Structure formats: C-alpha cells, structure tokens
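Fair warning: this is a prediction, and the values are worked out from it, not measured in the lab. Each chain gets a letter, A, B and so on, in the order the sequences are listed, and its residues count up from 1.
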Number of protein chains: 2
Amino acid sequence: MTITIYDVAREANVSMATVSRVVNGNPNVKPATRKKVLDVIKRLQYRPNQVARGLASKKTTTVGVIIPDISNIFYAELARGIEDIATMYRYNIILSNSDQREDKELQLLETMFGKQVDGIVFMSEHVSVDLLNMMDRSPVPIVLAGTIDSSGNMPSVNIDYYQAAYDAVNRLLQNNNKRIAYVSGSLSTTINRAFKFTGYERALADAGLQLDNELVVESETTYDAGYTAFKTLNSIPNAPTAYFAGNDELAIGLIHGAQDAGLHVPNDIEVISFENSKLARMVRPELTSSVLPLYDIGAVSMRLLTKYMKKEKIEEKTVILPHRIEERNSVK
Amino acid sequence: MTITIYDVAREANVSMATVSRVVNGNPNVKPATRKKVLDVIKRLQYRPNQVARGLASKKTTTVGVIIPDISNIFYAELARGIEDIATMYRYNIILSNSDQREDKELQLLETMFGKQVDGIVFMSEHVSVDLLNMMDRSPVPIVLAGTIDSSGNMPSVNIDYYQAAYDAVNRLLQNNNKRIAYVSGSLSTTINRAFKFTGYERALADAGLQLDNELVVESETTYDAGYTAFKTLNSIPNAPTAYFAGNDELAIGLIHGAQDAGLHVPNDIEVISFENSKLARMVRPELTSSVLPLYDIGAVSMRLLTKYMKKEKIEEKTVILPHRIEERNSVK
DNA sequence: TTGAAAGCGCTAACAA
DNA sequence: TTGTTAGCGCTTTCAA
C-alpha cells in the first residue's frame, strides 16, 4: 500500500542502494541516474520511512527534552530555544513534562532511551543521585539546561547564579536599603540555596549587614505566593524596605501586595526580580530584573548537544552564559 | 553490544516470540515461563527498542503536535493539555512550532508523516486549502485544536467563538457603554473575523448600536500592541468607553495604556478580555474575561485523537466546549 | 558508479 | 502454551 524504496528502485530500474544514495545525498551517483530516480520519487510521491531508517542506521534524528512544565512561561522559553536550534540542525523534539517529580524523571529517561533518541536535554531544579547514576549509564549524550549537577561531570549550560544574585542584592544595597528580604522558591535546590541564597547572604555581609532569617521566605514560585509573602513580611516589626524575588511571578505578587497595602513601588518598597521574562514589562511599575536568559540557555544547550551527537570536539562542556541587570522602574 | 530480545530468549531458553509476548503483556504465557523471562530481562537490563517495534508493528506510540509558538503562554497551555492526556494513554509527543507560517506547517506535516507518528494534533489560526488537501491525504488521523477548518470535515475541538464574543460584548453593553472598541488579532483568520468579529457586530446591532469601523483595530496580539491601540483609540473624537480585547496580553496593554493616560479602570474605561490565562489575575484591576479553556481544548483534542487511533466509535467529531465569563474587576 | 545481500530488533501469522 | 519464520523499510558493507 505505502510506497517504499523498493518500489522506487523497480520503477527507476536501479537498485535500492542507489535510491538510498540519492535520498541521502550521497555524491557517488551519476547525475543522469540521480535525475531518473528523483523523477520517480516525485511521480510516486515516495516518502522515506524514518523509522526503518532509524532501525538500520541507529540514528533517529530526534532528541528528548525533559522539562518540569511547559505551561510555565519560564520553561516554555527554554523549550523554544531548544526547538529552534534543533530545527536548525534537523532534529525533532520529543517533549515531556516531569513536574519535577524524580520518579517521573527517571521513567521519562527510560522512555527516551527506549525510543532511541540521539540525545537528551534535561532540566530540573534538583538532580538526584539516582538520576545522575542513570545518566551516567546513558547510551546517548545528555546536557543539562539551567540545571546544576553536584558531580560536575555532566555537560551543562547555566549562568553564574551566585554572582547574579549578588549583583541583584547589591543593586538594592546601593539605594541604602538595610532590610532586604529574599523571597525564594524551594531552598532545597542547589541553585536556590548554594548559589542564589549564598549570593544574597554574601552581598549583605559585604555591606556589613547581618543576615536576618526572618527576612528570607521559602515558597512556591507563584504570583499568589509572592502576594502572600509580602503580607507576611510587611507585618513584622522593622519590615523590609526592599525585596529580592526569585522570579517574575513572585515579584509581581510582591508588588501588588505592596500596592494593595497602599505602598508605592519603588518609593516605599523596592523590588528586584530574577528572570526577566516578558511578564517583566507587563506590570506597573515595570520590573527591574536580573536577567536569566532562558531562551539562550535552551539554544546553547541544544547546540552543545549537537556537538556531542556528531562527536565534534567540545571546547567547554560546562558553559556559563553572561548575566546582567535590566533596569526598569521597580527599583529607584 | 546493546542487548536484544534475542539475547533474552537465549538466556531464558525460550523463543523470541515468547519474550515478545511477555514484554507485551500477552496472556498466553505460562506464569512460570513469564517469571523466568522477566527475571532474565531484569538481570540483563533488557530495554525494548521502540524503533524496531515501530517498524514491525507499524505503530510508534508517538503523536505529532504542531502549534504556532510554544513560548506563547496561550499555546503552552494547550500543549500541556495535549501532553497530559497523551501521557495518560502512553503516547509521546513530537512538538514543533510553526510560527503560523504555512510553508512550515506543510513541511512539518511531511516530517511527521515521515516519522510515522500515529496521529497529529494541529493548531493554527488559519488552515489554508493546501493544508487541508494535505490533511485529506494524511495516512494518520489529525485533529484540529482550537482551530476552524472551513471545509468542516476535520475532527476538531473548539468553543463557540461567536457566542462567546457576543456574550463578552453584551457584558459591556449591560453597563450602558455605547462606544465599544474591539482590539483584535489579525482579522484575516476565520475565528477572528467570521466568529468573534461577527459576535461583536451582532451584539452591537441587537443593542441598536451601529458598527463604527474606527473602533475596530486589527493588530498583533501582544502587550505592546494593546498599549498602542489604546493610545490610538483614545485620541479619536468620541473615544470608546469600553474595550473588547482579543486576548489577555492585549487587554493588559489596553489597561496600562489607560492608566498611563490617567484614566481609571473600570470607572473611566472598561475592558473585557478573551482568554483568561493566568495573566488575568496578574494585573490591577484583575481582568474580567471570557474564558477560552486552552488546556481543556488540548486535552479533549488528544482524547479524541486517541479514539481515532484506536479506531473506537466517535460520537461527535466536532466538539464544542462550553464557555463562560469570569467576572473580575476590569468591568464594572 | 552501481548492485547484491546481510542485517537493524522486533511483531505477527502460522504451525505445532 | 510455545516456536518458526517471514517480513517491516531502510542502510551499509563488499564486490563488481
């Protein structure tokens, strides 16, 4: 029923091998033969079966992408960066959501292996030992995007979260804020605790300020969590005058919390965020934010993965992208 | 090197067929044999090769998803709905962005066919005749998600856009607004022109109001476009007192445009949106919005697709999901 | 420059 | 309940 390479070969009076050569752009085909084959392909509307090709060649030209949640703008940006570069290199993407659940991540890796993907881009806030072990035994290259592994052995693409957090807090310090809160996501992830929190702590210390645990709140990274966090923090004696938010949603929640309490941002309360998604410009005041270049992290991760898949030489298996602060109006 | 079904068969002293049976849960295997095989599988860490399975069975358990842009929260919600149901039915998703470009959509379909997906979920604001023809010749079922085809032959999942728009505009009419603007995305798409615009027009007519073309602006569906549209519309003589926005980003742009002009929403200007993404609660005032249940549309589309793929009986190939208005504070 | 033929790892009759 | 045996549609030596 479906027409195969064999049909083309027969119609063109050549062997399957020759058809295969022209389909794959192998130069060892006489131009006349090539034309003849191409004509038949067109006439018969032949479409190569990539599954058969995958079985024979052991390459599927598809890569697996495992991320926490595609409906989160944060990860969606990342995914777009990955997809764009994948397309550029003619790979397709199998996309899966892990919801950050380790069991799902483990199972998803298994599924990807079974599907014979040529490589995997993985993102998660925390990479467990089990996961690391499984990745170690992976039959295909894996690169971590915006994800830290404690072993330090995996290829990865990140920014310097510590320095970025340090710089962000420092920006608040410049305006003479003495009571700076940190509203973060889960503090049990490496990025949040070992890097961002440490950057916050260190910036404070360098300014001669002491860490006040009452000012750091661990929460979901949602708008509502930010809103609630503001209420809580603003009700303590000697409330904060500035906030360092773990991401944009949190920052917007904080700002609305402040405004609903009759406070002016940035005159009464200053807020700096850490993400700079397109949400950052969709609030009043617009968010001053440390930029986390998610799209780029995705794109560079995918580019790095292509190098591994093509067995090219890798200059740096751990790439650190630059960061900066985007100045807008939530900080004076 | 990699271990195959043949290795398992040899180690377990059974035939490949038997191993295949236990792997596929075929009941015609003696429990003792099953256990023996399972043990070997575990010991050898055998992992079935889905590509080989796909070639032999002509089923890949993967479906293609073609959407405009995953980094847009609008489509990301849809994608999540699709993915969740796909996972539930043990399918994987190959995700691709078309950027609404017809050439890319055509080519993506080709790619999906080549990859032998078992089915496709397709979303686009406009389905061209060429696309329709190609879908007609598709070797696998295709369902349109949040997408109208003029032929009416394709399976699809939508809401009643006409009625939803009518209801939204009517909500504005209830507050005695006489000058109601419509800020829409491209008016060359079926949904925007034939349904939403017509709903707007009709609601006006039913209220005895005449359509003023000056009040309908066609633009990108972005925050900036909304912001700009407000400026433009507010500067005409007899400016609008209410706005019907094509989506949430547009609505937020409109609101900020109004606020930056010193106007109060909803006292001076009322705005109703058409989407109700999570952005809707992240502005002040929060958006009153006609809800477009993207997640559900995705989920139901995928569910419908599974029925086609499994050749189950289809009750309704064209499903219309209910819509409603979520009341918040951008409308009095 | 071309063809023959042996797989790739699995499923699915069919037979036993 | 189990095994034998053709394929599935292609790539890839190897030889000509």
Side-chain angles (χ1 to χ4, degrees), chain A residues 1-38 40-41 44-62 90 110-111 113-118 139-140, chain B residues 1-38 40-41 44-62 90 110-111 113-118 139-140:
Chain A
M1 191 46 263
T2 60
I3 100 108
T4 74
I5 201 173
Y6 179 76
D7 300 312
V8 176
R10 184 169 31 69
E11 289 291 307
N13 287 310
V14 296
S15 69
M16 289 166 54
T18 298
V19 178
S20 176
R21 284 188 191 99
V22 349
V23 167
N24 292 298
N26 184 319
N28 295 337
V29 181
K30 192 161 52 170
T33 312
R34 178 185 307 280
K35 181 175 185 332
K36 185 171 59 174
V37 173
L38 253 14
V40 175
I41 285 179
L44 264 40
Q45 301 201 56
Y46 167 67
R47 179 163 44 215
N49 180 325
Q50 302 297 339
V51 172
R53 185 205 290 250
L55 181 58
S57 69
K58 296 180 170 304
K59 300 218 164 313
T60 53
T61 63
T62 109
R90 318 233 105 96
E110 265 296 326
T111 304
F113 293 159
K115 294 255 174 178
Q116 312 300 122
V117 296
D118 293 340
V140 294
Chain B
M1 192 46 262
T2 58
I3 101 107
T4 75
I5 201 174
Y6 179 77
D7 299 315
V8 176
R10 183 170 31 73
E11 288 290 309
N13 287 310
V14 297
S15 69
M16 288 165 56
T18 298
V19 178
S20 177
R21 285 187 191 100
V22 349
V23 166
N24 292 299
N26 183 319
N28 294 337
V29 180
K30 189 162 56 171
T33 311
R34 178 185 308 280
K35 180 175 185 332
K36 185 171 58 173
V37 172
L38 252 16
V40 174
I41 285 178
L44 264 38
Q45 303 202 54
Y46 167 67
R47 178 164 44 217
N49 180 327
Q50 303 296 341
V51 172
R53 184 205 293 247
L55 182 58
S57 68
K58 296 177 171 305
K59 298 218 163 315
T60 55
T61 63
T62 109
R90 315 236 106 95
E110 264 297 324
T111 305
F113 294 159
K115 294 254 173 178
Q116 313 299 123
V117 296
D118 293 340
V140 293

Participant: Test side chain to side chain contact (heavy atoms under 4.5 Å, CB included) on Val51(A) and Lys58(B); report intermediate values, then the result.
Facilitator: CA-CA 9 Å; Val51(A) 172; Lys58(B) 296 177 171 305; over 6 Å; no
Participant: Which distance, rounded to the nearest 0.5 Å, do you find between the CZ of Arg53(B) and the CG of Leu55(A)?
Facilitator: 13.5 Å
Participant: At what distance, to the nearest 0.5 angstrom, does OG1 of Thr2(A) lie from OH of Tyr46(A)?
Facilitator: 10.0 Å
Participant: Taking the side chain as C-beta and beyond, is there a heavy-atom pair between Val23(A) and Ile5(A) under 4.5 Å?
Facilitator: no
Participant: Under the side chain to side chain donor-acceptor pair (under 3.5 Å) rule, what do Thr61(A) and Lys115(B) come out as? Steps first, then yes or no, please.
Facilitator: CA-CA 10 Å; Thr61(A) 63; Lys115(B) 294 254 173 178; 3.1 Å; yes
Participant: Earliest and latest nucleotide of DNA chain C, 5' to 3', sitting under 4.0 Å from a non-hydrogen atom of chain A?
Facilitator: dT1(C) to dG9(C)
Participant: Go along nucleotides 4-12 of chain D 5' to 3' and tag each nucleotide: B for a protein heavy atom under 4.0 Å from its base, S when only backbone or sugar atoms are that close, - otherwise.
Facilitator: B--BBBBBB
Participant: Quick check for you: to the nearest 0.5 Å, what is the distance between Arg10(B) atom CZ and Thr4(B) atom OG1?
Facilitator: 8.0 Å
Participant: How large an angle, rounded to 10°, do the end axes of the helix from dT1(C)-dA16(D) to dA16(C)-dT1(D) enclose when each is built from five base pairs?
Facilitator: 30°
Participant: Roughly how far, to the nearest 0.5 Å, is the CD atom of Gln116(A) from the CZ atom of Arg47(B)?
Facilitator: 8.0 Å
Participant: Judged by atom type as modelled, is there a donor-acceptor pair below 3.5 Å linking the side chain of Asn24(A) to the main-chain atoms of Asn26(A)?
Facilitator: no
Participant: Going by heavy atoms in the side chains, are Thr60(B) and Asp118(B) under 4.5 Å from each other?
Facilitator: yes
Participant: Quick one: does Leu38(B)'s side chain get under 4.5 Å of Lys35(B)'s, heavy atoms only?
Facilitator: no
